[in-house]
Amino acid sequence: MNLHEYQGKQILSSYGVRIQRGHVANTAEEAVEAAKQLTEETGTGWHVIKAQIHAGGRGKGGGVKLAKNLDQVKEIAGQIIGMDLITPQTPPTGKRVNKVLIAEDVYYPGDSETSEFYMSVLLNRATGRNMIMYSTEGGMDIEEVAEKTPHLIFTEEIDPTVGLQGFQARKIAFNLGLSGAAFKEMVKFVAALYNAYVGCDASMFEINPVLKTSDDKIIAVDAKVTLDDNALYRHADYAEMRDTTEERPIEVEAKAAGLNYVDLDGTVGCMVNGAGLAMATMDLIKYAGFEPANFLDVGGTADAKRVEIAFRIILKDPNVKAILINIFGGIVRCDRVAQGVVDAYKNMGDDIKVPIIVRLQGTNADLAKQIIDESGMPILSAIEFQEASDRVKEALS
């Protein structure tokens, strides 16, 4: 689950990470009040107006601007709220900005002694360990840094049995070229950041930039936070931070129905039970010479109602030219799934205008094939993987 910058900073601050302080606003008028409150709290006279969307590169698209007085706060906030912000990480049409973060200006005027760093915490899947990735080249796209100056990117892996050690935090501060008070502050910052990552069950933290001020404070100026959906049952307060307006409507609908759905770019819709079988089905589609249009796992139950919901979700994608249903009947019998497919097809009537290929294997697979074949519906049945692949080719040839 992705969070907005202001939400990510709330979590970081709760674990002792020093952040660029701010308040969120939904209107230009609220932005002015937020700026006044922030001035009282921090003494800042200038304010940074930051669009809150789930995408990076906001500054390049005009979503981050500096206001030097309250009139500018109102004017800039009014311009940003409601705009369709286009960045390298948004769809071509951009993302609608519904709120802004009014943040303190942490860059002192005329100060040349500040430094910007990059830092992220994530899982290295190759080693099964958490990893801190960092660089002296903060404020830039890390992909560009990796391509042009890979020697400026450092990594530190953490043994899960002992956690982050003091010498590792000191090594990070040393590699960033820090000394004195800034060195000590960075050691504290790294320890707090890693504790936050583990404590909130995050999938990724990305802080770009991490700022060293001229008075040696270390501050998270930005915060890109992704939480592990599977751990949200432990964090009810974090689960309430989900902003469904930032997610694809079709994926929100699928989640509400208890379906695991990921939208893809292909033409063959998939309806499968079990993540492993879903991945194999996607490989099967590619083997047939096509691309999957989605990942959809209906789970252990596949009755008529659930199948119908899955059908309707898949068919909302205009790129879908065929649907492949691939079910292994272990917990649920294949004949029940087959009957569910037939009933769903009848209920939807003319809504289904693309070929349907059904592969059912497992308990009562033969009976299931008989139900499909005798239904009178234009549904192609299969039992073996290769047979299903051939059916997809037939349907789309």
Side-chain angles (χ1 to χ4, degrees), residues 1-3 5 7-20 56 115-147 149-212 216-235 237-239 241:
M1 182 180 80
N2 293 323
L3 298 182
E5 175 190 352
Q7 296 170 324
K9 284 181 174 177
Q10 288 174 10
I11 293 176
L12 293 178
S13 181
S14 70
Y15 280 88
V17 178
R18 190 192 299 272
I19 63 169
Q20 177 195 38
S115 301
E116 291 184 329
F117 308 115
Y118 171 91
M119 189 170 296
S120 62
V121 190
L122 64 161
L123 173 65
N124 184 341
R125 296 187 182 278
T127 62
R129 294 183 174 188
N130 290 328
M131 175 177 72
I132 298 177
M133 180 184 296
Y134 58 104
S135 174
T136 55
E137 305 304 294
M140 297 178 59
D141 292 333
I142 195 63
E143 294 83 4
E144 182 179 343
V145 177
E147 180 181 350
T149 54
H151 62 284
L152 296 179
I153 295 181
F154 303 91
T155 59
E156 189 68 31
E157 290 199 354
I158 294 93
D159 187 333
T161 59
V162 296
L164 178 70
Q165 297 297 290
F167 78 89
Q168 293 178 299
R170 292 191 292 273
K171 178 182 175 183
I172 292 172
F174 177 81
N175 284 339
L176 291 175
L178 299 175
S179 60
F183 183 97
K184 295 178 182 177
E185 287 295 313
M186 179 59 77
V187 170
K188 294 178 183 177
F189 181 92
V190 171
L193 183 66
Y194 186 76
N195 287 339
Y197 174 83
V198 174
C200 70
D201 290 305
S203 299
M204 185 193 70
F205 276 179
E206 184 177 58
I207 316 298
N208 189 22
V210 175
L211 176 69
K212 182 199 83 68
D216 292 331
K217 293 185 177 69
I218 304 298
I219 301 174
V221 177
D222 194 7
K224 186 176 182 180
V225 174
T226 302
L227 303 180
D228 185 350
D229 284 359
N230 296 315
L232 287 177
Y233 70 94
R234 290 199 288 255
H235 306 282
D237 51 339
Y238 297 162
M241 293 181 175

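Quick caveat: nothing in here was measured; it's all calculated off a predicted structure. Just the heavy atoms: all of them, side chains too, but no hydrogens, waters or symmetry mates, feed the values below.
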J.: Where is the tightest heavy-atom contact between Leu152 and Ser135, given as atom of each residue plus distance?
T.: O-OG, 2.8 Å

J.: For Phe154 and Tyr134, take the angle between the two ring planes, folded into 0 to 90°, and tell me which bin it lands in: parallel under 30, tilted 30 to 60, perpendicular over 60.
T.: parallel

J.: Do Leu176 and Met186 come within less than 4.5 Å of each other through their side chains, counting heavy atoms only?
T.: yes

J.: side-chain contact (heavy atoms from CB on, under 4.5 Å) between Gln20 and Glu5: does it pass, once the steps are laid out?
T.: CA-CA 11 Å; Gln20 177 195 38; Glu5 175 190 352; 4.2 Å; yes

J.: Can you tell if the side chain of Tyr238 reaches within under 4.5 Å of the side chain of Gln7, non-hydrogen atoms only?
T.: no

J.: Distance-only, no hydrogens or angles: does the Lys9 side chain make a donor-acceptor pair with backbone N or O of Val221 under 3.5 Å?
T.: yes

J.: Donor-acceptor check, side chain of Asp159 to backbone of Thr161, threshold 3.5 angstrom: yes or no?
T.: yes

J.: Side-chain contact test, heavy atoms from C-beta onward, threshold under 4.5 Å: evaluate it for Lys224 versus Met204 and give yes or no.
T.: yes

J.: Please answer whether the main-chain N or O of Gln10 pairs with a side-chain N or O of Ser13 as donor and acceptor at a distance below 3.5 Å.
T.: no

J.: Just how far is it from atom NZ of Lys217 to atom CZ of Arg18, taken to the nearest 0.5 Å?
T.: 6.0 Å

J.: What distance do His235 atom NE2 and Asp201 atom CG have between them, rounded to the nearest 0.5 Å?
T.: 3.5 Å

J.: Locate the shortest heavy-atom distance separating Asp229 from Met1; write the atom from each residue and the value.
T.: OD1-N, 2.8 Å

J.: Taking all non-hydrogen atoms of both residues, which atom of Ala223 and which atom of Gly8 are closest, and how far apart?
T.: CB-C, 4.3 Å

J.: Any side-chain heavy-atom pair from Ile11 and Leu3 closer than 4.5 angstrom?
T.: yes

J.: May I have the step-by-step check of side-chain hydrogen bond (donor to acceptor under 3.5 Å, both in side chains) for Asn130 and Tyr194, ending in yes or no?
T.: CA-CA 9 Å; Asn130 290 328; Tyr194 186 76; 3.1 Å; yes

J.: Between Met119 and Ile172, does the side-chain contact (heavy atoms from CB on, under 4.5 Å) criterion hold? Intermediate values first, please.
T.: CA-CA 10 Å; Met119 189 170 296; Ile172 292 172; 4.0 Å; yes

J.: Leu164 and Ala191: which non-hydrogen atoms are nearest, and at how many Å?
T.: CD2-CA, 3.8 Å

J.: Test Lys212 against Leu178 for side-chain contact (heavy atoms from CB on, under 4.5 Å), laying out the working first.
T.: CA-CA 9 Å; Lys212 182 199 83 68; Leu178 299 175; 3.6 Å; yes

J.: Ignoring hydrogens and geometry, is there a side-chain-to-backbone donor-acceptor pair from Asp222 to Ile207 under 3.5 Å?
T.: no

J.: What verdict does the side-chain contact (heavy atoms from CB on, under 4.5 Å) test give for Ile158 and Tyr197, after you've listed the backbone C-alpha separation in whole Å, the side-chain angles of each residue and the deciding distance to 0.1 Å?
T.: CA-CA 12 Å; Ile158 294 93; Tyr197 174 83; over 6 Å; no

J.: Taking all non-hydrogen atoms of both residues, which atom of Ala220 and which atom of Val17 are closest, and how far apart?
T.: CB-CG1, 4.4 Å

J.: Do Thr155 and Met133 touch side chain to side chain, with heavy atoms closer than 4.5 Å?
T.: yes

J.: Going from CG on Asp141 to CD on Glu147, what distance comes out if it is rounded to the nearest 0.5 angstrom?
T.: 11.0 Å

J.: Report yes if some heavy atom in the side chain of Leu193 is under 4.5 Å from a heavy atom in the side chain of Val190; otherwise report no.
T.: no

J.: What's the spacing between Thr136 OG1 and Ile153 CD1 if we round to 0.5 Å?
T.: 9.5 Å

J.: Does the side chain of Leu12 reach to within under 4.5 Å of the side chain of Phe189, using non-hydrogen atoms?
T.: no

J.: Are Glu137 and Thr149 close enough, and set up right, to give a side-chain hydrogen bond (donor to acceptor under 3.5 Å, both in side chains), and what steps lead you there?
T.: CA-CA 9 Å; Glu137 305 304 294; Thr149 54; 5.8 Å; no

J.: Work out which heavy atom in Pro160 is nearest to a heavy atom in Arg129; give both atom names and the distance.
T.: CD-CG, 3.9 Å

J.: I'd like to know if the side chain of Asp228 and the backbone of Ser203 have a donor-acceptor N/O pair within less than 3.5 Å.
T.: no

